[in-house]
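Everything numeric in this text was worked out from a predicted model, so none of it was measured. Below, chains carry the letters A, B, ... as their sequence lines are ordered, and counting in each starts from 1.
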Protein chains: 2
Amino acid sequence: MPWDTNHKHKSRQRILEAAAQLFVVRGFDGVGIDDVMQQANMTRGAFYSHFKSKSELYHEAIPVAGFIAKEQLEAGCSNSFNVLKHNYLNQHKGDDDTQLCPIALLISDIRHRDPAIRETYEKVFAGFVEYINSHVNERSAALAQAATMIGAVALAQTLTDESLKAELLAACEAATGCEQD
Amino acid sequence: MPWDTNHKHKSRQRILEAAAQLFVVRGFDGVGIDDVMQQANMTRGAFYSHFKSKSELYHEAIPVAGFIAKEQLEAGCSNSFNVLKHNYLNQHKGDDDTQLCPIALLISDIRHRDPAIRETYEKVFAGFVEYINSHVNERSAALAQAATMIGAVALAQTLTDESLKAELLAACEAATGCEQD
DNA sequence: GTCTATAATCGGATAGAC
DNA sequence: GTCTATCCGATTATAGAC
């Protein structure tokens with residue numbers, strides 16, 4: 001690969017990773033091109049030689065965010081499914097550079113975006129359900145557990161009362177727990 | 001009450017109800033003062049004799065939206081708790097003028113707002129949990145059911161695949177079902 | 001209290017130099 | 001490819017007439 005092509009690819013990747021992190025934390029409207037490019041160590045003008053629009057960036061950032069979140073979740077624990085669920089529910093306690101779950105954090109952001117974006121989000125969600133299903137071996141239970149865990153994480157992000165937050169997460173862990181590993 | 005005071009009160013109420021509906025459907029950033037005032041049959045200039053800012057309006061609109069949603073939910077069904085849960089999960093199928101649940105639809109919008117707004121949202125959520133708790137009589141189960149139902153409705157709003165949406169809602173209904181009425 | 005008109009700002013997107 | 005500078009539309013908020 002020629003040097004400048006490689007350079008372009010790396011720049012694009014930096015933009016994408018910055019976007020994945022920022023969009024998940026602040027939502028589509030909370031992030032400007034400036035913010036993303038600053039975090040990627042470039043200026044706004046350079047953005048448009050990599051992406052057509054902010055929408056396109058968001059579209060591509062969602063699976064990147066999903067991939068990074070899954071990687072970090074699996075790195076932080078053993079192979080036990082119950083431990084994994086516990087870590088998922090407590091993801092907000094992780095390091096500052098932890099990539100939170102885009103399914104939960106963008107859940108009411110996605111509805112306002114265009115159909116292509118929604119379909120991409122839907123695929124990430126479907127992968128999440130499949131992952132649970134591979135452990136519980138019952139699709140209906142997997143769907144309900146997915147809703148519970150995603151709902152719990154999304155709600156936890158809204159709550160200011162720490163004891164209520166802890167109570168909610170513990171309740172959801174208990175309600176979805178006790179599969180064999 | 002003097003006529004003009006009553007008139008002011010009615011105008012304020014119209015603004016509040018328009019805001020409750022629009023914010024829940026489109027989120028904070030998706031709604032302009034213009035949109036709200038147009039739906040309330042006024043123009044933008046009049047807004048600021050009723051509210052200090054868009055943020056203040058949003059703050060006040062959340063409990064209004066919660067109240068209207070609860071009213072409509074209870075009107076549409078018998079006293080059975082299982083029927084109520086079914087109707088909650090299928091609220092998107094209601095009339096066009098149905099007020100959807102602000103807890104579910106604003107779930108990832110709230111995090112970006114100021115603390116006063118988050119606390120108000122939290123109180124509406126706490127009321128939701130209390131309501132469930134009065135039927136299941138076990139707080140941990142009530143919290144988990146709340147997360148499942150809210151998560152399910154929020155997810156359903158994101159999905160474009162109708163069969164996946166139906167499958168998800170049915171799974172969550174089954175998982176939270178079977179309390180005595 | 002409600003209107004029209006306007007100020008002020010912010011952010012997405014483009015142009016052109018290097 | 002990346003930069004600086006700029007355009008442009010949208011939107012919050014205010015001013016002043018009625």
inquiry  = By the 4.0 Å heavy-atom rule, please label Val36(A) as base, sugar-phosphate, or nothing.
reply    =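 Since no nucleic acid heavy atom lies under 4.0 Å of Val36(A), the category is nothing.
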message = Regarding Gly45(B), tell me which of base, sugar-phosphate or nothing describes its non-hydrogen contacts under 4.0 Å with the strands shown.
response = base
inquiry  = I'd like to know if Lys165(B) and Asp161(B) make a salt bridge, using a cut-off of under 4.0 Å between side-chain N and carboxylate O.
reply    = no
message = Looking at Arg12(A) and Glu60(A), is any side-chain nitrogen of the basic one under 4.0 Å from a carboxylate oxygen of the acidic one?
response =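 Result for this pair is yes, salt bridge flagged.
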[options]: which one has an atom nearest the side-chain heavy atoms of [X]?
{"X": "Thr43(A)", "options": "dC3(D), dG12(C), dG1(D)", "answer": "dC3(D)"}
{"X": "His7(A)", "options": "dA13(C), dT2(D), dA13(D)", "answer": "dT2(D)"}
{"X": "Lys54(A)", "options": "dT2(D), dA13(C), dT2(C)", "answer": "dA13(C)"}
{"X": "Ala46(A)", "options": "dT2(C), dT14(D), dT2(D)", "answer": "dT2(D)"}
{"X": "His50(B)", "options": "dT2(C), dG1(D), dT14(C)", "answer": "dT2(C)"}

note = Assert: residue with more 5' nearest nucleotide on DNA chain D, out of Asn41(A) and Lys52(B), is Asn41(A)
Taking atom [atom2] of [N] as reference, at what distance in whole Å does atom [atom1] of [X] sit?
{"X": "Phe47(B)", "N": "dT11(D)", "atom1": "CZ", "atom2": "P", "value": "15 Å"}
{"X": "Asp34(A)", "N": "dT9(C)", "atom1": "CG", "atom2": "P", "value": "17 Å"}
{"X": "Ile15(A)", "N": "dC3(D)", "atom1": "CD1", "atom2": "P", "value": "10 Å"}
{"X": "Met42(B)", "N": "dG1(C)", "atom1": "CE", "atom2": "P", "value": "11 Å"}
{"X": "Glu56(A)", "N": "dG12(C)", "atom1": "CD", "atom2": "C1'", "value": "14 Å"}
{"X": "Leu57(B)", "N": "dT12(D)", "atom1": "CG", "atom2": "C1'", "value": "13 Å"}
{"X": "Arg26(A)", "N": "dC10(C)", "atom1": "CZ", "atom2": "P", "value": "15 Å"}
{"X": "Ile33(A)", "N": "dT2(D)", "atom1": "CD1", "atom2": "C1'", "value": "16 Å"}

message = Quick check on the 6.0 Å ring-centre criterion: do Tyr131(A) and Tyr88(A) meet it?
response = no
message = Check the phosphate of dG12(C) against Ser53(A), side-chain N and O only, distance under 4.0 Å to OP1 or OP2. Yes or no?
response = no
request  = Indicate whether OP1 or OP2 belonging to dA13(C) is found under 4.0 Å from a side-chain N or O atom of Tyr48(A).
outcome  =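 For dA13(C), OP1/OP2 do have a side-chain N/O of Tyr48(A) under 4.0 Å.
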query = Can you find an N or O donor on one side and an acceptor on the other, under 3.5 Å apart, linking the side chain of Arg44(B) with the base of dT6(C)?
reply =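 Check passes, donor-acceptor contact within cut-off.
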query = So among Leu168(A), Val153(A), Thr148(A), which one has a side-chain contact (heavy atoms from CB on, under 4.5 Å) with Leu89(A)?
reply = Val153(A)
Heavy-atom closest contact (Asn137(B) atom, Ser134(B) atom, distance) = OD1-O, 4.1 Å
